[in-house]
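Scroll down for the structure; my scribbles are underneath it.
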Amino acid sequence: MEIRGDAGPQQACDTAEFIAAMRELKERAGLTYRQLEERAAEHGEVLPRSTLADVLRGRTLPRPELLAAFVQACGDGERAAQWLAARDGLARGEVTGERGADPRRGVRLGARVFGVPVLPASVVLVALLAAAVWALVPSRDDGGSKGAGGGGLAAADARSLPKGRVQIRPALANGLCLTDGYSSRYKSLVAVQRPCDEVAPQETTLVPLGGNTFRIRWYHPDHGPGCLKDLAGGPGSGLLEPWDDCRKTTPFQIAPAGPDGSRRYSLRIDGRGCVAISDADTSEGAEAVVEPCRPKDSQVFVIRSAP
């Protein structure tokens, strides 16, 4: 297999663009993390799928030996020297692309981002004043805020949900879990379904807000915590994005979607609809979206304790 047609690693102006080029290479190769690991092993190389998944979701350059194994496994071995040269240039702080790196590129206020924004002094001052005022306002989380709307899961049933680390598994996709990944239409991490055995070291927990209402919280040892926010407008409308400030994220009403003990639930957002896997897609990387609530399996998730 031979990969061609991309802009190449030399066009990457910073680490984020280099990682994006790696993700693009993987997508064109059409291989899962497990398949890449197996293909690397066939060439006598080590390419741990969990480590590779962390690299492609993260903000740090891969080790040279991992990059070489990855490029070879993707079928782009002829350009391995170019990939390694571009990687080494970025590691030395050199700009390898055709334009200077813009540190503000891709920044979204409030969302989890991997760049460092350069803001005018006046904006910084306003942000500091706003933070001071916010600190004086009681958090809704402290008061146990409840989702609007009646019905759904009773408080006693809410206590039966797993405590601690959980897996949220789309009912239609065996072996896949709701976790972070990249969307083809939105240049930031969002909720997608990926193999459950590739989620670690990220952890998922349900943060109770009272009654049947929770926040969905992710924690990664490198990136810290992030709670899911329903995006109501713009290019990411309908997607779920992890935000660092959990107080500004979306409360989800968790309601039974099957018989008692089935662990099948719907994730409802008051006034917006239900979480579903887009187009009932069962493939790796399919996005979680918000759509009108309907009695269909693409809106059903199995919630159980993480192993």
Side-chain angles (χ1 to χ4, degrees), residues 57 110-112 139-142 144-149 152-153 155 157-171 173 176-183 186 188-194 196 198-221 223-232 236-257 263-278 285-291 293 298-307:
R57 295 198 305 271
R112 178 176 298 184
S139 168
R140 291 186 64 197
D141 285 5
D142 295 337
S145 60
K146 298 182 179 180
L153 195 63
D157 290 327
R159 289 195 297 270
S160 69
L161 284 167
K163 306 296 189 296
R165 296 183 299 111
V166 301
Q167 290 181 335
I168 301 178
R169 294 177 170 241
L176 301 185
C177 284
L178 202 64
T179 185
D180 62 0
Y182 285 89
S183 164
Y186 189 62
S188 182
L189 289 170
V190 295
V192 303
Q193 59 184 17
R194 292 195 293 107
C196 296
E198 296 178 1
V199 172
Q202 181 169 284
E203 300 176 352
T204 301
T205 55
L206 301 176
V207 181
L209 301 179
N212 66 330
T213 306
F214 299 80
R215 297 194 198 278
I216 298 175
R217 180 181 184 270
W218 289 337
Y219 176 79
H220 192 285
H223 311 315
C227 294
L228 288 185
K229 167 74 174 176
D230 165 35
L231 300 179
S237 181
L239 298 177
L240 299 171
E241 183 177 35
W243 281 34
D244 292 334
D245 190 345
C246 284
R247 295 174 299 180
K248 300 179 181 180
T249 58
T250 301
F252 294 86
Q253 299 171 16
I254 300 182
R263 298 181 296 186
R264 293 166 62 92
Y265 301 94
S266 64
L267 308 176
R268 304 175 181 228
I269 301 174
D270 186 48
R272 288 278 291 151
C274 289
V275 178
I277 298 301
S278 180
E287 304 161 349
V289 297
V290 180
E291 62 183 29
C293 293
S298 61
Q299 294 183 3
V300 177
F301 297 84
V302 175
I303 301 178
R304 69 184 197 185
S305 295

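Values below: all heavy atoms of this structure, side chains included; hydrogens, waters and symmetry mates excluded.
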For a quick test of reading the model, state the closest non-hydrogen atom pair linking C293 to Q299 and the distance between them. CA-OE1, 3.5 Å
Show your working on side-chain contact (heavy atoms from CB on, under 4.5 Å) between R268 and D270 and close with a plain yes or no. CA-CA 6 Å; R268 304 175 181 228; D270 186 48; over 6 Å; no
Is a donor on one side and an acceptor on the other found under 3.5 Å between the side chain of R215 and the backbone of T249? yes
Within the 4.5 Å heavy-atom criterion, are Y182 and V190 side-chain neighbours or not? no
Does the side chain of E241 pick up a donor-acceptor pair with the side chain of Y186 at under 3.5 Å? yes
Is the shortest heavy-atom distance from the side chain of F301 to the side chain of I277 under 4.5 Å? yes
Do S183 and V192 come within less than 4.5 Å of each other through their side chains, counting heavy atoms only? no
Say you draw a straight line from NE2 of H220 to CG of D180; how long is it, rounded to the nearest 0.5 Å? 7.5 Å
Applying side-chain contact (heavy atoms from CB on, under 4.5 Å) to V166 and T205, what does each step give before you reach the verdict? CA-CA 6 Å; V166 301; T205 55; 5.7 Å; no
Any side-chain heavy atom of F252 within less than 4.5 Å of one from L209? no
R57 side chain to G181 main-chain N or O, any donor-acceptor pair under 3.5 Å? no
Check: K229 and K248 side chains under 4.5 Å, non-hydrogen atoms: no
Minimum-distance pair of heavy atoms, taken over all atoms of P162 and S305: CB-OG, 3.4 Å
For a quick test of reading the model, state the closest non-hydrogen atom pair linking E291 to A276 and the distance between them. OE2-CB, 3.3 Å
As an exercise, state the distance from CD1 of I254 to OH of Y265, rounded to the nearest 0.5 Å. 8.0 Å
Please tell me if the side chains of L178 and T204 come closer than 4.5 Å, counting only heavy atoms from C-beta onward. no
Check whether any side-chain heavy atom of L240 sits under 4.5 Å from a side-chain heavy atom of V290, and report yes or no. yes
Side-chain (T179) to main-chain (V199) donor-acceptor, under 3.5 angstrom: no
Does some side-chain heavy atom of Q167 sit less than 4.5 Å from a side-chain heavy atom of P307? yes
Dump the intermediate steps for side chain to side chain donor-acceptor pair (under 3.5 Å) on E287 and S278, then the final yes or no. CA-CA 6 Å; E287 304 161 349; S278 180; 4.9 Å; no
How long is the span from the CG atom in L267 to the OG1 atom in T250, to the nearest 0.5 Å? 11.5 Å
